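Treat the numbers as computed from the prediction; the structure is a model and nothing was measured. Every number for a ligand or one of its atoms is a count from 1 in the order of the listing.
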Amino acid sequence: MKKLLALLMTVVLATTMFTACGSSKSGDDGDKTLIMGTNAEFPPYEYRENNEVIGIDAEIGKAIADKLGMDFKIEDMAFDSIIPAVTSGKADVGLAGMTASEDRKVSVDFSDTYVEAGQVIIVKKGSDIKDASGLAGKTVGVQLGTTGDLYVSDPKNVENVTVQQFPKGADAVEALKTDKIDAVVIDNQPAKKFVENNSDIEILATPLTQESYAIAVAKDNKQLLDAVNKALAELKESGELDSILNKYLANDESAETTTSAQ
Ligand code: ARG
């Protein structure tokens, strides 16, 4: 009877430890899968090419899974579904150029920072909007639920503005190009990508915010958070994080705004 109890305890313990790393579905061979929740509408961090999600975050996620000895899977979803996915265990990590904001820290934990970024304004060339104050009274496009959305929607930052929320940043840029809105507020690196092939729009020089991207993990999963931080530190240390960033941010002056060189 004692032996049976001991055996039972071992099984229970093993199962707890096994599932402790998250919702990770386990394969027959006992392999665990790290599920990354993201929104692949955010080049160069995550976007689709040949129906595959690629980009900086996809590579960081894969590198972390490798270090944890886990399989890796990306779940592409609406940006504002990522935190709910992490808290409900549908995803183990939220990796989406996500700003570690105070608001979000109420629902999830964040890893250490892996990139510094900020919101910028995109306008049509020749626009009378020259800086943040110029947004007053205008119609501004943002991606729904992002820090850009929050910034513009806060009357402390911009007065009397009409905010138009788009499911994708690219849709906001399209609306700007067709004069349906006056400006787009979005993260600096995606802004570069969106403007790259559009000679009629430009990014205003002064960023609106200073933000840190980090990886979201469920609050009750300290074990995974520690493992992610350890993997991230190793990726910084070995230069692997730098190579991933440089691969996607090559020929880009603002690549130096990343935390890469520490
Ligand atoms: N950094 C911004 C935020 O955290 C935008 C992130 C958007 N990411 C995405 N994959 N669409 O709100």
With the 4.5 Å side-chain cut-off for hydrophobic clustering, are Y151 and V163 part of the same group? yes
Report, as yes or no, whether the 6.0 Å neighbourhood of atom NZ on K124 holds more than 12 heavy atoms from other residues, nucleotides or ligands. yes
Can you sort out the partners of D226 under side-chain hydrogen bond (donor to acceptor under 3.5 Å, both in side chains), two or more places apart, ordered by chain and number? K222
Within the supplied structure, the quantity of interest is the number of heavy atoms (other residues, nucleotides, ligands) at a distance under 6.0 Å from K168 NZ; does it exceed 12? no
As a test of reading the model: which residues have a non-hydrogen atom less than 4.0 Å away from ligand 1? N39, F42, E46, F79, A96, G97, M98, T99, R104, Q143, T146, T147, D187, Y213
Below 4.0 angstrom, N of the basic side chain to O of the carboxylate: do K138 and D128 qualify? yes
Under 6.0 Å between ring centres: does that hold for Y213 and Y45? yes
